[in-house]
Amino acid sequence: MPLASTEALLADLNDAQRAAVMHREGPAMIIAGAGSGKTRVLTYRLAYLIREGVCDAFDLLALTFTNKAAREMRERIEALIGAEARNISMGTFHSVFARLLRREADKIGFTPAFTIYDEEDAVSLIRSIVKELGKDEKRYKPKSIKHAISNCKNYLVGPAEYAAQHAHDEFGQLTAQVYALYQDRLLKANAMDFDDLLVNMVKLFDAAPEVLYRYQHRYRFILVDEYQDTNYAQYVITKRLARQHENICVVGDDAQSIYSFRGANLDNILHFNKDFPDVKVYKLEQNYRSTGTIVEAANEVIRHNANQIPKRVFTENGAGDLIVLHRSTSEVEEAEKCVDTLRELKATQGLLNRDFAFLYRTNAQSRVLEDALRRAGIVYKVFGGLSFYRRKEIKDVVAYLRLAVNPNDEEALKRVINYPIRGIGATSVERILEISRTQNLALWDVVTQAKALGVGRSAGAVEEFGQLIETLCSLARSENAYEVVSHAAKASGILQDLHKEKSVEGRSRWENVQELINASREYVDDPATEDPGLESFLAQIALYSDLDEKVENDDYVTLMTIHAAKGLEFPAVFVTGLEEGLFPSSLSMYDRHDLEEERRLFYVAVTRARQFLTLSYARTRLRFGTPVTADPSRFIEEIDPRFFQTPTGRRAQQPPRFESARTSHLRPLAPAAAAQPELLPTVPEREPFEGDDPATFAVGQRVEHNRFGIGLIVELEGKGAGLRAVVDFKDKGRKTLILKYARLRVVR
DNA sequence: ACGATTTAGATTTTT
DNA sequence: TCTAAATCGT
């Protein structure tokens, strides 16, 4: 493919975009509104710098937040300037820093083979430590402690400093103690958690100024994407790296900052000019993605936030369709209504499955939507649940691999020393850890000399396990990742163990392990792979998420959380579960800053849509298995009713007054039965009725239900909104009904 | 030491 | 409702 000339490149841009692309030296901040062509500006800018000889590809460091963003950027730059693009250092903060830390590991007491602990590993290690301290883990929840430690690390606060800050707080004191021990254990296990990949960068810079100096000169130009999502640690690292040349360009949108729960600090972008007073600010305000209606509605929403950089996002696109609002009594009905709208859009607009996305606040909400889509025979794919590499069976095999590279990996050892079962119980494992701790021996030494060190009855089995790992270690030294993975899966006995299971789940677990072997094969065979060894394969999958699994070209409806949808766009978007307490979440409703973040999240959701937007809520939905009633989200009210197809209040009774032939959503939606009339003969139904006040019910009362008919109340339980009745129906038997929405009528 | 059963807690969001 | 950890019984 011929590469575009610089002139052609610049001709592709509007004035604001072009100015940002042509910014040469010195600090720059690009505020890129939703849909304003941010990625284009980013990629064009990098291409421009290289083309114009302002810098070399090797001088560039481009940091993103997700692997997906990094991959996309790389592909698009390659399309512009060809293979030269591969020389840019580009990736997520975590992956770029992990690579760098591997190179310099010895300077901070690690080896290049260090393991990256995921959340599960980290919490598990903290749980061990809490137990070893003899503390009650009900009172001091490992997860809470992990969270506190993570916060510390985001702000580069060490255990001692934290202890001093929380001198009079019991939880704080314990956390500080655990924090210190946790870091000891990580170091001993040659492991880092996600946060350490940042913290240790700072430690590296402090411990070895010459390394900092080297990278400062290596990376003359630094680009940071999604700057609004960076935390303090990331801020410090990039600032220090950029100090020599000050060629730092940050790109972001304060209105799309949705990660403060992970330490993202909006101040980084709001106060960027304090650190770099001569910063040049570029604002990209023209939206190319969405219809006028969607852009305006989004603006109205975000206007309710006090804390933001003033900007005016506008579009020259037409007004387009109005927003559809579905009001449902239950989450099941909500899903059905949305699926109906989806079918209608498919039929009238010629859209494909891949043009649709269902977005929601929490992963748990996907289930009903999946059910409805499955019933309608629509292909969908859920992103977000647990990713492939987080599945139990995969983590088990990976644990063996981790040990092959780093036999001191405590969490991997604990995970598989007795899986498949080889008679090494919890007591023996604790004994091993205790010996390692008290005699200050490496975990691996205790394993290999279990008998001599007095591990106990299972010492023989432990040493045998050690030999198994030893075999894998030597294999890893000479063979590529695929060879080690396939051998480990067999030699560990995992494949055999899974093969024994006859259940459907067991079968799929076995297949998953095969899939992991395939993945390692592909990794080894991929020409883009620089190092086919196990170590780099592991390094890659440690920072992998399921978002990276998206297969293009397949025609499926996308289901994902709004967080996961950031950076994506779809012709038609459904935002579901717009209820107080769910979105905004009850955990974020009572604090101004949290609420503003929820609102930004809603802003992100709305601005994913190009043409068609549907918002919906359910009056009551099952949460943790019990029905919860909620009011519609305040965010709905923050959009002027004129943007909605149905007037706020109830469904329109009359055809819409809009001229456009496209505004056809108001056509009475076909009932589900219409799709397969021959299968579902219409039963003449009684006139449906609203229920009587639950307060008037009593045991022994005769009642009528819309579907179940006449019955007798035999029991009443619960109170308030949770009031339930056990009713004995004449033809349908006993049912337990939630009165709040069962709509029972007293029969006299 | 291990499997079966019970129970508690989780639902924000992710590198 | 679903999962993971705790407890129990063998």
Side-chain angles (χ1 to χ4, degrees), chain A residues 63-70 91-98 116-120 122-124 127 131 136-138 141-144 147 150 153-154 192-198 226 229-231 233-234 256-264 331 359-368 371 383-387 389-390 392 418-429 456-458 461 505 539-548 560-567 577 581-589 594 597-598 600-602 604-605 621-628:
Chain A
L63 298 169
T64 65
F65 207 62
T66 65
N67 294 306
K68 187 165 51 93
T92 64
F93 279 93
H94 295 264
S95 68
V96 169
F97 294 167
I116 298 170
Y117 274 8
D118 68 10
E119 197 64 17
E120 205 186 319
V123 171
S124 159
R127 178 174 291 117
K131 278 186 189 164
D136 180 11
E137 55 172 304
K138 294 270 157 54
K141 292 192 189 116
K143 263 197 178 157
S144 312
H147 188 248
S150 190
K153 291 184 175 180
N154 286 160
M192 302 184 191
D193 66 18
F194 285 138
D195 302 316
D196 285 338
L197 295 174
L198 307 177
E226 306 283 17
D229 287 333
T230 52
N231 62 34
Q234 288 163 324
Q256 294 183 63
S257 162
I258 55 176
Y259 282 104
S260 79
F261 68 94
R262 251 179 57 192
E331 76 272 32
L359 306 183
Y360 35 78
R361 181 66 238 263
T362 67
N363 281 122
Q365 289 167 250
S366 74
R367 212 193 167 85
V368 239
D371 289 343
F383 293 85
L386 74 159
S387 93
Y389 290 103
R390 281 203 272 272
K392 208 178 298 164
N418 197 32
Y419 176 76
I421 294 159
R422 41 178 80 85
I424 306 171
T427 332
S428 307
V429 175
R457 267 170 294 290
S458 58
E505 295 85 8
Q540 181 174 337
I541 64 179
L543 298 171
Y544 222 72
S545 81
D546 66 320
L547 277 174
D548 303 315
M560 55 170 57
T561 63
I562 301 162
H563 282 88
K566 196 173 71 160
L582 182 61
F583 193 16
S585 156
S586 52
L587 299 168
S588 315
M589 276 166 58
D594 291 347
E597 175 145 319
E598 292 283 304
R600 292 193 294 267
L601 191 58
F602 182 60
V604 168
R621 83 170 56 232
L622 292 177
R623 289 244 257 162
F624 313 120
T626 49
V628 173

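Residue numbering restarts at 1 for every chain, and letters A, B, ... go by the order of the sequence lines. Predicted, not measured: the structure shown is a model, and the values here were computed from it.
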Pairs: protein N or O with nucleotides 1-5 of chain B N or O, under 3.5 Å:
from, atom 1, to, atom 2, distance (Å)
B/dA1, OP1, A/G425, N, 3.0
B/dA1, OP2, A/T427, OG1, 3.3
B/dC2, OP2, A/N418, ND2, 2.9

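Residue A/H563 holds its NE2 atom at 13.5 Å from OH of A/Y360, rounded to the nearest 0.5 Å. A distance of 7.5 Å separates CD of A/E597 from CD1 of A/I258, quoted to the nearest 0.5 Å. The distance from atom CZ of A/R262 to atom CG of A/N231, rounded to the nearest 0.5 Å, is 8.0 Å.
Using a 4.0 Å heavy-atom distance criterion, A/N363 is classed as a sugar-phosphate-only contact. Counting non-hydrogen atoms under 4.0 angstrom, A/F583 reaches nothing in the nucleic acid. Residue A/K566 is out of contact with every strand shown, counting any heavy-atom pair closer than 4.0 Å.
Nearest to the side chain of A/E119, among B/dT14, B/dT15, B/dT11, sits B/dT15.
Counting distance only, with no hydrogens placed and no angle test, the side-chain atoms of A/R262 and the base atoms of B/dT15 include a donor-acceptor pair under 3.5 Å.
Read 5' to 3', the first and last nucleotides of DNA chain C with an atom closer than 4.0 Å to a heavy atom of chain A are C/dT1 to C/dA6.
By the salt bridge (charged side-chain N to carboxylate O under 4.0 Å, His left out) test, A/K131 is found to be paired with A/E137, residues two or more places apart in sequence or in another chain being considered. Listed by chain and residue number, A/R361 satisfy the salt bridge (charged side-chain N to carboxylate O under 4.0 Å, His left out) test with A/E598 (two or more places apart in sequence, or in another chain). Considering only residues two or more places apart in sequence or on other chains, A/R621 meets the side chain to side chain donor-acceptor pair (under 3.5 Å) condition with A/E334, A/E579.
A stacking contact between A/Y259 and B/dT14 is absent: the pair does not combine a ring-centre distance of less than 5.5 Å to the base's six-membered ring with planes differing by less than 30°.
Using a 4.0 Å cut-off, some side-chain N or O of A/T561 falls inside it from OP1 or OP2 of B/dT14. Between A/K141 and the phosphate of B/dA8, there is no side-chain N or O to OP1/OP2 separation shorter than 4.0 Å.
When each of A/F624 and A/T92 is assigned the nucleotide of DNA chain B bearing its nearest heavy atom, the one mapping closer to the 5' terminus is A/F624.
Atoms NE2 (A/H563) and C1' (B/dT13) sit 4 Å apart, rounded to a whole Å.
Taking the P atoms as reference points, B/dT13 lies 15 Å from C/dA4, given to the whole Å.
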Secondary-structure notation, DNA chain B, from Watson-Crick and G-U pairs under 3.5 angstrom (| other strand): ||||||||||.....

